[in-house]
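Lettering of chains follows the sequences in order, A, B, ..., and the numbering in each one begins at 1. Remember, predicted model here, so these are calculated numbers, not experimental data.
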Amino acid sequence: MEYNHRSLEKKWQQFWAENGTFRPAETTDKPKYYVLDMFPYPSGAGLHVGHPLGYIASDIFARYKRLKGFNVLHPMGYDSFGLPAEQYAIQTGQHPSVTTEVNIKRYREQLDNIGFSYDWSREVRTSEPDYYKWTQWIFMQLFHAWYNKEADKSESIDSLTNRFETSGSEGIYAVCDEDVLTFTATEWNSFSVEEQQRELLKYRLAYLRESTVNWCAALGTVLANDEVINGVSERGGYPVEQKKMMQWSMRITAYADRLLRGLDTVDWPEPLVEMQRNWIGKSVGASVKFLLPQLNDIEVFTTRVDTIFGVSFIVLAPEHELVDALTTDKQRVEIEGYKEKTAKKSELDRMADTKTVSGAFTGSYAKHPLTGADVPIWIADYVLAGYGTGAVMAVPSGDQRDYVFAKHFNLPIIPISDAQNIEEDADPTKEGRYINSDFINGMTYEEAVPALIKRLEGLGLGKAKINYRMRDAIFGRQRYWGEPVPVFFKNGLPYLIDEKELPLLLPEVDKYLPTETGEPPLGRADGWKYQGKYEYELSTMPGWAGSSWYWFRYMDPTNDESFASKEAVDYWKAVDLYIGGSEHATGHLLYSRFWNKVLKDLGYHNEEEPFKKLINQGMIQGRSNFVYRVLDEEGKGTNVFVSYGLKDQYHTVPLHVDVNIVYNDVLDTEKFKAFRPDFVNAKFVLENGKYICGTEVEKMSKSKFNVVNPDDIIETYGADTLRLYEMFLGPLEQSKPWNTNGIEGVYKFLRKVWRLFHDAEGNLFISDDEPTKSEYKALHKIIKKVEEDIERFSFNTSVSAFMICVNELSDLKCNKRKILQDLIIVLEPYAPHITEELWALLGNEAGTISYAPYPVFRSEYLVESEFAYPVSVNGKMKMNLSLALDLDAKVVEEIILSNADVQRYLDGKIVKKVVFVRGKIINIVV
RNA sequence: GCCUAGGUGGUGGAACUGGUAGACACGCAGGACUUAAAAUCCUGUUCCCGUUAAGGGAGUGCGGGUUCGAUUCCCGCCCUAGGUACCA
């Protein structure tokens, strides 16, 4: 029998599906292991060859863990709410659920073709009511919670109302809005229900507040900060403006520090951890008050309180609330003009234009908190209203922006350290000792900071403070295709619907566009009112809602009583291995950690972090192929195409050509003629009898004809080849262009494996004889190597090792059962179909290879006369050798005499052994 | 600017804690089998010098350093990719 991947792979995929081979055990003594992929958004374009890279890696790991005796949970599902389906609905009128269903079906077919070991009985879809019921339920928990800073955790809002009722707002230490009221218990109890609710909203983790949002007019919705890239929307690239709106938000800032600390406890790639750290943006510093005689003092945030005696002016953001009051009549015109100018600048301009120095003087002065000196107050757009207090103390000698500003407007630049060099630029050094700095003169940085904080605190004019860059996450979207927010409005205030009424189903609408009055699409739903009279919230949840807890649902996907049973959550705990792209660093991965922590605080599970280990797979880019069309004298395209190497001899224009009709950069000229009608009569200028195409690495896209569908590869070479080849392509984390240049080698390897089991006629040919030493050696080398490789996610090197092993066994003409059976167990994670087939051919029960024990590597098979051990000479030389030889003294002398370096190092010691490789001495034992 | 990752043959890439640089694969060249093709197998393939060979020299982005020994460690620079930015 020949290796027929087509029939063989279909057969086993069907077998696995019918037998539920990959369902984890319900009751077992085995340790658990949870391997998760970032679930995909099912887009209309289907999977391309880049998508499965991470899925293959996680599947290999999941299968490996099964062989290692773990009870493995390895599920898959769909993040099926999202913008593209809705945009498509707007254009075609097609209900998003219909498009989504079609796309999911296609995804499923493509995924099935690759032979993943998913437990499909646990599939989830975020757009299904029995799933989003629990997304809504979690929202309700967030609405019903507040963050108690004393306990450093979220608690039920009831604990807050209890305290309000008994002792008022006294002693409450919460993460909340800035404008919370101070009241006694008596006052609280005398508040109306509306007043109480209004106040509680300022504490809730999910809250409604007027805030500045990123409004994208083209998409008709607000966007979260991570959905805005360089001032335009991540999806579609439309302009985004700042707008004040009533919006649902999530108090993720309450968790800023825990999100930061948690990063030290997880095994994540360093770049990703760094990205989250930067996004959270913790700054340790101090807040300091500059005094104003009549008005509220100006509070500034600084990370360099030690430079406070170098302050020569104060800068407010143009939007700062005190600007109007501070502006003197004389400066009024100038300030108004500047404010207007800034308001006109878009976010994008303001970011792009960081070179020009601009600002205006308000005419007022504030008193320095320590010296009492008058400090002029300016406004400038380099100070951002949204960060810190929107005001900074300017220290030109220590901060480059302040320096440039001071030079431009002729303001004093005061040196504050004897180590500073401020001839050309500001010098932010912390070296040296302070000068011109009052009572900290002569101190070092380490001495000055605590001294200053102490002094400022004593005066009540400042304190140590920590600032975060991260903002609360906007939670509402003015769109149709998302989870409805389970909230209704009474007297303009939001209330949760009754939990028993979940899920709050997404209503039908006639069009997927905003209403005439500018309300979100849900405003079109006929008679959609709570208890027939109260308005529902009309915005829906953002895309990240459903994906922020989905790993829990896989643990117990059909539970109707809770998001997952206590037993399931206690058993599966957290995701042990999570594989996905780094593009989710500041979105999904941050929000998921946030919700996970909230659910933990509220007592639903015990895991502080949801994803223990995380791997980012690299992107697979497209590799476009080009043909070169010869142009005539008028510059018009002819029907003559010249091969890449000869194109410089002609006047040509490059054209994208479908990569599916190019093999190893050689064009199939017949298929090319059929590629487009006008190419029917194409003529070719060949080199060496071939048409060679040019190449370029670009993003995979339909318009560039460089999309490779995994189904096509599988049709030609099979799923096992695709799996092995995607791993063989290079390190998992690395981005790389797709090419099929080496796929033949992998396919050849699998056929070689097949042939090990068969004789020349294609009949099964297995011997039960005892294997030879070299056969054992080849086997145990691969057992050891693959185990090491998988544990450190170096899948590409495993593939090479397999090739070496099979070449060796093939050279040895090895057909011993004892060898081959173990070999295919080790190969199973990489190439499950062929191994399953061979496993059955050896007479084993079908399906059991997936749970066969991973062979134990035995070192005695590897040890020969070739030793590997470290040695040292004079306590200096330390080395590890792969090849060592004992020599008699005579030979040693000869070799040593010929090598001056070695002789120098011998230092009169007695030589016991000389190690040399290919005639070169590389070690001496004395 | 800052942060992070990386730079190795014609190509993808190996070399895990400093110890034979270029494993493995592709491609290319030559050969065997075959009427022929496919398939399979064998040999060679970093570059330069050496007519062949024996042999010699250089070589992991560049320049230094530590070391008997550096792709690996240290210092300075250049380039590429990703992230981020008037964040005080």
Determine: side-chain N/O of [X] to OP1/OP2 of [N], distance under 4.0 Å, yes or no.
X	N	value
Lys748(A)	C26(B)	yes
Arg401(A)	C87(B)	yes
Asn278(A)	C2(B)	no
Thr797(A)	C16(B)	no
Gln734(A)	G13(B)	yes
Tyr387(A)	A88(B)	yes
Arg792(A)	U17(B)	no
Arg469(A)	A85(B)	yes

Ring-face cation of Lys430(A) near Tyr445(A) (centre distance under 6.0 Å, axis angle within 45°): yes
Phe793(A) CZ to Ile60(A) CD1 distance, which is reported to the nearest 0.5 Å: 10.5 Å
Nucleotide opposite C47(B) in a Watson-Crick or G-U pair, distances under 3.5 Å: G57(B)
Whole-Å P distance, C48(B) and G10(B): 9 Å
Side chain proximity check, Ser312(A) to Ile413(A), heavy atoms < 4.5 angstrom: no
